[in-house]
Protein chains: 2
Amino acid sequence: MTVGIRDVARAAGVSTATVSRALGKGPVSDALREQVEAAVRATGYRPNLSARRLRSQSAQTIGLIVADIRNPFFTAVSRAVEDAAYQAGMRLILCNTGEDAEREALYLRLMQEERVTGVVFAPTRRTAERLRPEDFPFPLVLIDRTGPPGGHDGVVLDNVAAGSALVDHLVEQGYSRIAGLFGSTSSTAEERRDGYLSAMRRHGLEPRMRNVPPDAEPAQAEVARWLAEPGRPEALIVSNGLILMGAVRAARAAGVAWPGGIALAGFDNEPWTELIEPGLTVIEQPVAEIGTQAMGLLFDRLKTPGQPVRKVVLSGRLIARGSTGRR
Amino acid sequence: MTVGIRDVARAAGVSTATVSRALGKGPVSDALREQVEAAVRATGYRPNLSARRLRSQSAQTIGLIVADIRNPFFTAVSRAVEDAAYQAGMRLILCNTGEDAEREALYLRLMQEERVTGVVFAPTRRTAERLRPEDFPFPLVLIDRTGPPGGHDGVVLDNVAAGSALVDHLVEQGYSRIAGLFGSTSSTAEERRDGYLSAMRRHGLEPRMRNVPPDAEPAQAEVARWLAEPGRPEALIVSNGLILMGAVRAARAAGVAWPGGIALAGFDNEPWTELIEPGLTVIEQPVAEIGTQAMGLLFDRLKTPGQPVRKVVLSGRLIARGSTGRR
DNA sequence: GTCGCTCATGAAAACGTTTTCACAACGCAT
DNA sequence: ATGCGTTGTGAAAACGTTTTCATGAGCGAC
């Protein structure tokens with residue numbers, strides 16, 4: 001049927017061991033190496049990676065588990081992760097959990113069965129809390145969301161600082177009735193809320209916060225409700241790009257302009273936040289850097305397993321646009 | 001070291017064959033099945049998928065090869081493909097080619113070495129032309145871009161009709177000097193150009209076309225140049241979402257408003273095309289449907305290999321917005 | 001010239017499963 | 001009772017590699 005290493009060996013007049021060594025990096029004389037290469041070309045041989053993995057006990061595979069690849073933040077991160085993986089000669093298995101704890105568990109089990117080299121994972125808060133390093137025989141690097149300290153390597157934004165920075169910026173621009181709308185499933189949103197909260201207190205302002213599932217539709221509905229209530233806030237801070245989109249839609253639908261009707265600020269510097277008029281003030285995350293750093297942590301841990309747990313904290317960048325214009 | 005099926009067998013007091021059958025669907029008495037399940041729980045056994053694949057000669061894996069997952073079109077399609085794959089108990093390997101023929105070849109080879117169950121692939125025009133079915137031992141379903149007729153199963157938009165529809169719409173709105181800007185690497189862009197061309201001829205209008213690499217930056221540069229030339233077109237049709245974004249940026253930068261300064265229309269109903277003001281007229285692609293159909297074709301071919309090659313052609317939907325307002 | 005040493009090579013074991021094959025036990029029709 | 005298909009089970013082969021182990025050749029040092 002399919003051509004295997006035995007056929008190549010026969011064609012080259014050598015043993016299978018020599019073929020394996022010639023294709024890998026074992027010591028083989030130049031003459032034989034050439035014979036083998038010729039035989040490979042002649043037979044059209046393609047190594048069977050399953051067999052290779054089984055025998056060598058090394059999958060050369062990275063698992064990437066995110067909430068939803070359609071979230072541009074994860075899309076961008078995934079691209080960086082993929083680049084790093086393939087550059088290191090590894091493949092990438094992609095999984096979408098939809099923020100569902102059950103699917104998270106399912107995919108983590110799958111990764112064990114795949115005997116993957118390592119996993120990059122953006123867990124929900126619930127799962128992050130239960131994640132115990134000793135349960136995993138491979139490096140597990142958390143991104144965007146973080147677990148309890150000391151658990152796993154991870155790379156996150158300085159969310160608290162970013163949340164505060166948005167408040168500071170709005171205060172500076174003359175706003176005081178500043179509300180916050182945050183995602184309900186991730187530790188990230190929690191931290192951003194904490195940043196919002198502490199900055200509000202520092203400025204002596206009264207916080208007003210709500211939570212929604214981190215998706216555009218629920219956010220739109222919530223903001224629509226909020227806008228219809230008496231005592232509408234002067235400004236609204238939201239905790240990610242999807243929620244920001246929902247907020248924008250709700251404001252448009254209610255005929256509320258920004259920053260006049262309500263000032264808007266959020267996270268994720270997606271292209272559309274600049275194209276819309278007036279532009280939206282956002283905290284830009286270094287998305288590619290997050291993916292690259294995550295893979296860096298992963299490879300480091302493979303090399304030095306005993307190493308203490310590291311958490312890379314990256315700073316966001318405030319991009320001020322018209323949506324938070326001076327009041 | 002790690003617990004294998006032998007350990008489970010020993011713990012349950014049965015043979016490895018029985019364990020395998022109990023976990024699969026072989027005939028096993030209820031009593032033994034329970035013993036095995038208990039032993040699995042007790043030992044914390046996780047099957048080794050590499051070994052399983054090697055022996056059963058079935059990878060239960062789908063490869064997805066696209067130009068760039070950051071292109072929202074591919075993001076959305078990939079999500080649908082992933083859902084279908086995991087629903088069928090298969091994993092997904094993701095590859096980004098960056099429209100590079102060499103990487104396309106690399107990944108196709110990788111898929112052979114993985115002995116994947118099937119592949120969903122969005123090839124560049126160049127690669128699509130050279131793709132010969134007999135070179136692949138697995139079903140290969142093309143999406144978005146298409147190869148020579150009769151080659152592979154595929155699912156595509158009716159690009160010619162869509163390209164014409166945009167022209168018809170613009171003519172109806174009173175425009176006549178309608179230009180076209182198309183991606184230079186995909187057959188898709190070619191077809192959309194053909195649709196544009198034939199509609200222009202049909203209306204007795206003179207076509208004006210240019211090509212760019214299908215990405216936002218080159219598109220922005222080209223449109224900027226175009227806008228600066230004398231005899232600026234009244235309307236511009238572009239062949240995908242990234243190019244549309246470039247065009248919008250260029251218009252903004254040049255202080256050209258739409259539809260007054262230049263009418264804009266394109267492809268891909270991404271959220272921002274609605275949020276921007278005035279909204280952009282686009283052809284909406286049924287992205288989820290494309291992914292689902294592709295997996296359908298793939299599974300069908302697995303079931304009935306001899307079946308004639310099928311090409312599913314889906315219709316786009318014209319969404320008229322302010323960017324093509326009456327002239 | 002003999003003793004170690006390195007080096008290239010082949011035979012065979014090993015990786016962890018599934019599947020084939022053989023067989024025993026059982027029920028059922030003769 | 002005998003024969004026969006069915007069913008559940010275990011021993012062992014098989015999947016396609018890499019790796020271990022043994023061997024023999026080549027070579028410099030004494």
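The figures here come from the full heavy-atom set of this structure, side chains too, leaving out hydrogens, waters and symmetry mates. Within every chain, numbering begins at 1; the chains are lettered A, B, ... in the order of the sequence lines, protein sequences first and strands thereafter.
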Using whole Å, what does the distance between atom C1' of nucleotide dG16(C) and atom CZ of Arg21(B) come to? 16 Å

Specify the separation, in whole Å, of atom CG of Leu54(A) and atom P of dT18(C). 12 Å

Quick one: Leu23(B) CG to dT17(C) C1', roughly how many Å, whole number? 11 Å

Report each atom pair, protein N/O against N/O of nucleotides 4-7 of chain C, whose distance is under 3.5 angstrom.
none

Roughly, in whole Å, what's the span from CZ in Arg6(B) to P in dT18(C)? 14 Å

Identify whether any heavy atom of Leu32(A) sits under 4.0 Å from a base atom; if not, whether one sits that close to sugar-phosphate; answer base, sugar-phosphate or nothing. sugar-phosphate

Gln57(A) vs dT17(D): side-chain N/O to OP1/OP2 distance below 4.0 Å: no

Nearest listed nucleotide, side chain of Ile5(B), among dT9(D), dG10(C), dT17(C): dT17(C)

Residue-phosphate contact under 4.0 Å: Thr16(B) side-chain N/O, dG10(D) OP1/OP2: no

Figure out the CZ/C1' separation between Arg55(A) and dC15(C), and round it to whole Å. 6 Å

Closest approach to the side chain of Ser56(A), judged atom by atom: which nucleotide of dT18(D), dG10(D), dT18(C) is it? dT18(D)

Whole angstroms only, please: what is the CZ-C1' distance between Arg53(A) and dT19(D)? 18 Å

dA11(C) P sits how many Å from Arg10(A) CZ, rounded? 13 Å

Salt bridge Arg145(B)-Glu99(B), side-chain N to carboxylate O under 4.0 Å: yes

What is the distance, to the nearest angstrom, from the CD atom on Glu113(A) to the P atom on dT18(C)? 11 Å

Taken to the nearest 0.5 Å, the spacing of Phe74(B) CZ from Leu94(B) CG works out to 11.5 Å

So, does the side chain of Arg52(A) form a donor-acceptor pair with the base of dT17(D) at under 3.5 Å? no

Ser29(A) or Ala51(A): which one's nearest nucleotide on DNA chain C is closer to the 5' end? Ser29(A)

Heavy-atom nearest nucleotide on DNA chain D taken for Val19(A) and for Asp30(B); more 5' hit belongs to Asp30(B)

Before accepting this row, confirm whether a basic side-chain N of the pair Lys311(A)/Asp153(A) lies closer than 4.0 Å to the acidic partner's carboxylate O. no

Please tell me if the side chains of Asn71(B) and Thr75(B) come closer than 4.5 Å, counting only heavy atoms from C-beta onward. no

Considering only NZ, NE, NH1 and NH2 on the basic side and carboxylate oxygens on the acidic side, decide whether Glu114(B) and Arg91(A) come within less than 4.0 Å. yes

Treating Arg53(A) as the side-chain partner and Asn48(A) as the backbone partner, does any N or O pair qualify as donor plus acceptor under 3.5 Å? no

Which of dT17(C), dT17(D), dT18(D) is nearest the side chain of Ser20(A)? It is dT18(D)

Any side-chain heavy-atom pair of Thr124(A) and Thr97(A) under 4.5 Å: no

Should Thr18(A) be listed as having a side-chain N or O under 4.0 Å from OP1 or OP2 of dG10(C)? yes

What is the nucleic acid contact for Arg33(A), judged by heavy atoms within less than 4.0 Å: base, sugar-phosphate only, or nothing? nothing

Return the minimal non-hydrogen interatomic distance between Leu157(B) and Pro286(B), and the atom names on each side. CD1-CD, 3.8 Å

